[in-house]
Each structure stands twice: as structure tokens, then as C-alpha cells.
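Here is the structure we will look at, set down as C-alpha cells.
Being a predicted model, the structure only gives us computed values, none of them experimental.
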Amino acid sequence: MGLKLYNSLTRRKEDFEPLEEGKVGIYVCGPTVYGHAHLGHAKSYVSFDVLVRYLRYLGYNVTYVQNITDVGHLTDDADQGEDKIGEAAKKEKKHPMALAESYTCSYFDDMDKLNCLRPDISPRASGHIVEQIGLVKTLLEKGYAYEVQGSVYFDVSKFEDYGKLSGRNTDEMLAGARVEVSADKENPVDFALWKRAEPNHIMQWPSPWGMGFPGWHLECSVMSMKYLGKTIDIHGGGLENKFPHHECEIAQSEAANDAQFVRYWLHNNMVTVDSQKMGKSLNNFITLKQAFSGSHERLTRSYDPLAVRQLILNSHYRSPLDFSDAALFAGQSGYGRITETVKAIRKRVDAAAEGELDNEVADQLAQLKDKFEAAMDDDLNTSVALSVVFELVRLANKLLEDNSATSTTLEAVDDLFGALGGDVLGIVRDEYPQVSAADDARVDNVVKIVIGERSAAREQKDFARADELRKQLESCGIILEDKPDGTQWRWK
RNA sequence: GGCGGCGUAGCCAAGAGGCCUAAGGCGACGGUUUGCAAAACCGUUAUUCGCCGGUUCGAAUCCGGCCGCCGCCUCCA
């Protein structure tokens with residue numbers, strides 16, 4: 001078998017073989033930090049997180065680089081556009097770097113909640129101005145770029161392969177162009193490497209061409225080169241960045257280095273909300289913080305971050321994903337079922353009798369593991385991989401019901417949950433605190449008093465009273481479950 | 001206008017020529033269990049894969065047409 005990945009460059013699934021045996025360098029286009037992360041970010045970064053996790057599961061030594069864009073990303077093409085960070089900074093009356101810093105923290109916070117592993121390196125564009133100027137110089141020296149009044153543009157006509165990723169040719173692009181072309185450009189398809197800054201532009205740096213700031217595409221080339229080398233194994237990003245962003249990255253990098261830039265290009269698909277493109281004007285723009293707290297008019301409740309993650313993994317990364325309250329609700333229910341089973345298994349391990357591993361169970365576990373790996377090997381088919389976790393849930397619950405499994409057998413089940421559901425998919429946690437927050441601990445005490453009252457009523461066969469107490473708790477969002485070893489409670 | 005994708009049960013979603021009389025999840029319904037519930041387990045829920053034709057011994061899977069939806073081409077993950 002072996003891992004196969006769909007390479008956007010060749011439009012085929014290919015056997016994955018890193019440049020250097022056992023080591024993988026991955027670069028993923030990170031966020032432009034001018035606002036809170038939304039559901040689209042979640043799909044993208046969860047998808048690539050699973051890729052990184054699976055590569056590590058397979059034993060590769062992975063270096064994962066994901067940039068933070070804090071300068072140079074314009075709201076518009078050509079010279080008319082304003083820097084996104086700069087524009088947001090004006091609105092929030094903050095220094096651009098303060099704005100970028102706060103949304104960078106916000107982003108990491110959301111990604112942590114989604115159980116996305118932190119990249120090994122999160123380089124900031126603004127921290128690599130020197131390197132970016134260096135690349136522009138190289139391109140000028142090699143004749144791939146030209147300077148016009150303090151701005152430097154890449155001469156697309158000099159780079160033959162331009163369009164090889166997106167499958168476009170420059171003639172077609174001109175026909176469909178809807179944007180007014182900058183007068184500075186020799187050719188409308190040329191793109192900016194460095195831009196001259198007007199005096200009132202806050203984010204600007206000295207360069208051989210005067211005060212200015214880097215073009216957006218430049219940072220990814222420079223930072224992937226710096227940390228992963230001239231040729232990287234995998235470059236990931238959103239489908240919408242295939243053109244022009246990634247096409248321009250290829251052009252500048254390969255023109256400068258005379259070496260292939262990326263061996264495997266991976267693009268994840270977009271999200272919609274209630275079947276429509278997510279956009280602020282459509283009122284269906286949902287940030288992760290809103291999804292986690294339920295504070296959005298399209299949502300009926302709050303959703304566990306890992307339930308959001310599970311919903312994302314329920315479909316393929318190259319398929320579009322429609323977020324809706326119903327879909328999130330389904331994700332939440334399924335996630336809850338997995339979680340409850342894992343918790344129950346772990347609880348039972350301690351109580352179970354010691355003994356040998358059940359061979360029949362061991363066989364079933366091995367089969368599930370094989371099926372899981374085969375699915376993941378096939379261009380990360382997380383949908384099937386997730387179905388394997390649900391098969392494991394059913395197996396686990398049957399063992400719990402039989403109540404005859406040895407602790408060794410239960411540990412083997414838990415280990416597989418940890419490896420597949422935890423290490424790779426990131427939806428099973430190592431620890432589930434009994435009560436997660438200090439407030440819940442207080443609630444726990446109160447609920448236990450009520451449970452005590454109800455148990456007393458039940459012992460005296462006063463079921464009317466018992467049911468009344470249970471009903472009252474339910475109206476507070478608390479569900480009681482009478483288990484063989486006592487009554488438990490959980491949030492609805 | 002150019003380029004690309006999608007349409008599978010009430011909903012989400014795998015499958016990409018025979019293993020499909022189509023995974024898995026959610027929901028619903030019936031059963032076991034329970035004082036009753038909840039949870040769990042068992043079972044039922046698409047003879048059919050947008051529609052119409054074609055290729056083939058064989059098609060959800062390939063080809064053509066039609067209908068519907070979406071994305072990119074301008075910033076977006």
C-alpha cells in the first residue's frame with residue numbers, strides 16, 4: 001500500500017515519496033490576521049493537521065511550517081488596494097502590529113481548541129522583510145523582474161511555466177479580467193513583488209527601491225525556502241489560492257532557484273454555510289468563537305470544538321463542506337457517542353479482571369486498524385477512517401455490555417482509540433476531566449445533592465417524586481442516567 | 001464570457017466499471033434493557049445513485065445531451 005496523495009499539479013493521485021527518506025517538509029498557507037478565524041479556516045487547518053498527524057503516525061519526521069500574514073495582503077489588486085491589516089487597524093484604532101498580534105493569538109487559541117497541533121514554525125511575513133528584499137534582488141538580477149517608480153513587478157512573460165498549476169494561459173486571463181490594471185505594469189498579468197509606499201502608509205520598510213512593502217505572494221516563497229529548502233515536499237492551501245497566489249509563488253521561486261518549488265500541491269475545498277458561500281454580507285459568516293459559544297443567529301446551540309472537527313473529518317478535504325446547524329448538531333451527537341464510549345472503556349479498565357488479551361478481539365482490532373490505514377492511505381479518506389472509529393465504538397460497547405473482557409483486552413481497545421481517533425484524527429482526547437471548569441465543580445456538588453434526594457425517593461418507590469426531580473434538572477439542561485453503579489449526570 | 005467541480009436515503013456523507021440487492025454518522029421507528037427514562041445493544045429506514053440516451057456480458061461508477069446547484073477567474077482558508 002503506502003500513502004497516495006492527490007497532487008493538484010498533475011491532477012492525479014500519486015504515491016507519496018519525500019525528497020529525503022523519512023523526512024517531510026510541509027508548508028501551508030496560513031491566515032491573514034485581520035479578523036477572527038471562521039469555519040473556512042477550520043476546514044483548511046484541520047485537514048492539513050490530519051495530514052501532518054498521519055505522516056507522523058507513519059513514522060515520518062515532519063517539519064510543519066505555516067505562515068502568519070501580517071503585511072502585504074491587499075484588499076484589491078493593482079495599486080488601488082489597501083493593506084488588509086492596515087485597513088482593519090484603522091477601524092479598530094490600533095497599530096497594525098498590535099492588531100496582527102491580537103488576531104494571531106486569537107487564531108492560535110481557536111486552533112488549539114480544534115486540537116490542531118501547532119506548526120513547528122509560524123513565521124511572520126513582517127519578520128522576513130530582509131529575505132523578501134533579497135529574493136526581489138535576485139529576480140531583478142536574473143531578468144525576471146523590472147522596477148517602475150519604486151515598485152518591482154514580476155515579468156510573467158519571462159516565465160514559461162506560468163499557469164501550469166491552475167491550467168490557465170495568460171491570454172484567457174486577460175479576456176476575463178475584471179480589474180483595472182495598474183498603469184505601472186508592462187503586462188496586465190504581471191504581479192507585484194515589492195510596492196512603493198505612500199508616506200501615510202504605516203507599514204513600510206527601506207529597500208533598494210525606496211520605502212515600500214512586500215507583495216503578498218512573496219512571503220510564502222521566501223519563508224518556505226528559508227525553513228524547508230528550495231524544493232519542498234508538500235505545499236498546502238485553499239483552493240481559492242491556487243490562482244493567482246500559488247501560481248505566482250511557483251513563478252518567483254522557480255525563476256530564482258532554477259529548481260522545482262513544490263513536489264506535491266494539496267488544495268482543500270471551500271465551505272458554505274446553509275448552502276451559500278459564506279460572506280459577511282449574507283449574514284452567514286460564522287467565526288469559530290461564535291460556533292463554540294453558539295452566539296450566532298443561525299445556530300441553535302453551542303458546539304464542542306471537537307464536534308466541529310469531527311464534522312469536518314466526516315467529509316473529504318477536497319469536497320466542499322456545507323455547515324448548517326443540522327450538520328453541526330449531527331456532528332455533536334456523533335462526537336458525544338465516541339467520547340462517552342472512550343470514557344466508559346477507560347473507567348472499566350481499572351475495574352476489569354486481569355487476564356490475557358482476547359484473541360478474537362485482537363483480530364478485530366487488527367482488521368479495524370488495517371481498514372483505517374487503507375482509508376487514510378487513499379488520499380486521506382477521513383470519512384471512511386471516521387467510520388472505522390464508529391465500528392470501534394460498537395465493538396467497545398459490546399465488550400462493556402458483556403462485562404467479561406479482561407483489563408488487557410480493554411486496554412488494547414483504548415490504545416486503538418488513542419492511536420486512530422486520538423493521534424491521527426484528533427477527536428479522542430488523552431484525558432477527559434471529570435468536571436472541566438471550576439464552575440462545573442460547583443454545579444457537580446449541587447447536582448449530587450439532588451441525585452441523593454432522588455435516589456432516596458426511588459428506594460421508597462416514590463417514583464413520582466423521583467421523576468419530578470429528574471424533570472426539574474432536565475429543564476436546567478442536566479440529564480440523569482441511572483447506571484448499574486449509580487446515577488450519573490451530564491449536560492444536555 | 002473563460003476555467004473547474006458537484007447532484008447518492010428525511011439530513012450529512014463514502015464508494016469511481018463486477019466484492020454495491022450502495023460504508024459510516026445524524027434523525028425516525030420497532031425490540032432488548034430500565035420502576036419509567038437516558039445510555040447502550042439488536043433490527044427497520046435508497047432494488048437504487050438528478051433526468052434521458054449510449055458504450056459494455058456487466059455502470060452510481062465510462063461517454064453524450066439536458067436540468068439543477070456551487071466555486072474560481074478580484075481580496076478571501
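- Nucleotide B/U45 forms a pair with B/G27, judged by Watson-Crick or G-U wobble geometry with both contacts under 3.5 Å.
- Checking B/G68 for Watson-Crick or G-U wobble geometry (two distances, each under 3.5 Å) identifies B/C6 as its partner.
- The interatomic distance linking A/Tyr6 (OH) with B/G5 (C1') rounds to 10 Å, in whole Å.
- Side chain A/Asp467 to base B/G35: a donor-acceptor pair is found below 3.5 Å.
- Aromatic ring centres of A/His235 and A/Tyr264 lie farther apart than the 6.0 Å criterion allows.
- If you check B/A77, B/A23, B/A38 against the side chain of A/Val384, the one that comes closest is B/A23.
- The nucleotide whose nearest atom lies closest to any side-chain atom of A/His316 is, among B/C12, B/G35, B/A14, B/A14.
- By the 6.0 Å and 45° rule, A/Arg337 does not stack over the aromatic ring of A/Phe390.
- If you take atom P in B/A16 and the same atom in B/C69, they sit 28 Å apart, rounded to whole Å.
- Across the interface with RNA chain B, nearest-nucleotide mapping of A/Arg490 and A/Val271 shows A/Arg490 to be the residue nearer the 5′ end.
- No hydrogens or angles were tested; on distance alone, a donor-acceptor pair under 3.5 Å links the side chain of A/Arg454 to the base of B/G35.
- Under the Watson-Crick or G-U wobble criterion, with both distances below 3.5 Å, B/G1 is paired with B/C73.
- When both distances must be under 3.5 Å, the Watson-Crick or G-U wobble mate of B/A16 does not exist.
- Between A/His245 and A/His217, the ring planes lie tilted relative to each other; the angle falls in the 30° to 60° range.
- In this structure, the nucleotide among B/A14, B/C41, B/G35 sitting nearest to the side chain of A/Asn397 is B/C41.
- The aromatic rings of A/Phe329 and A/Tyr303 lie perpendicular to each other, with more than 60° between the two planes, well past the 30° mark.
- Between the side chain of A/Asp482 and the base of B/C36, at least one donor-acceptor pair of N or O atoms lies under 3.5 Å.
- Under the Watson-Crick or G-U wobble criterion, with both distances below 3.5 Å, B/A40 is paired with B/U32.
- Note: A/His41 and A/Tyr45 have parallel aromatic rings, judged against thresholds of 30 and 60 degrees for the angle between ring planes.
- Nearest to the side chain of A/Lys277, among B/A23, B/C73, B/G71, sits B/G71.
- The side chain of A/Thr32 lies closest to B/A77 when the candidates are B/G24, B/A39, B/A77.
- Taking only distance into account, the side chain of A/Arg470 meets the base of B/C36 through a donor-acceptor pair shorter than 3.5 Å.
- If you check every strand for non-hydrogen atoms under 4.0 Å, A/Gly238 touches sugar and phosphate atoms only.
- A/Phe463 has its CZ atom 8 Å from the C1' atom of B/C36, to the nearest Å.
- Interface remark: the A/Arg337 side chain does not form any donor-acceptor pair with the B/G25 base, using a distance-only criterion of under 3.5 Å.
- Not a single donor-acceptor contact under 3.5 angstrom links the side-chain atoms of A/Ser387 to the base of B/A13.
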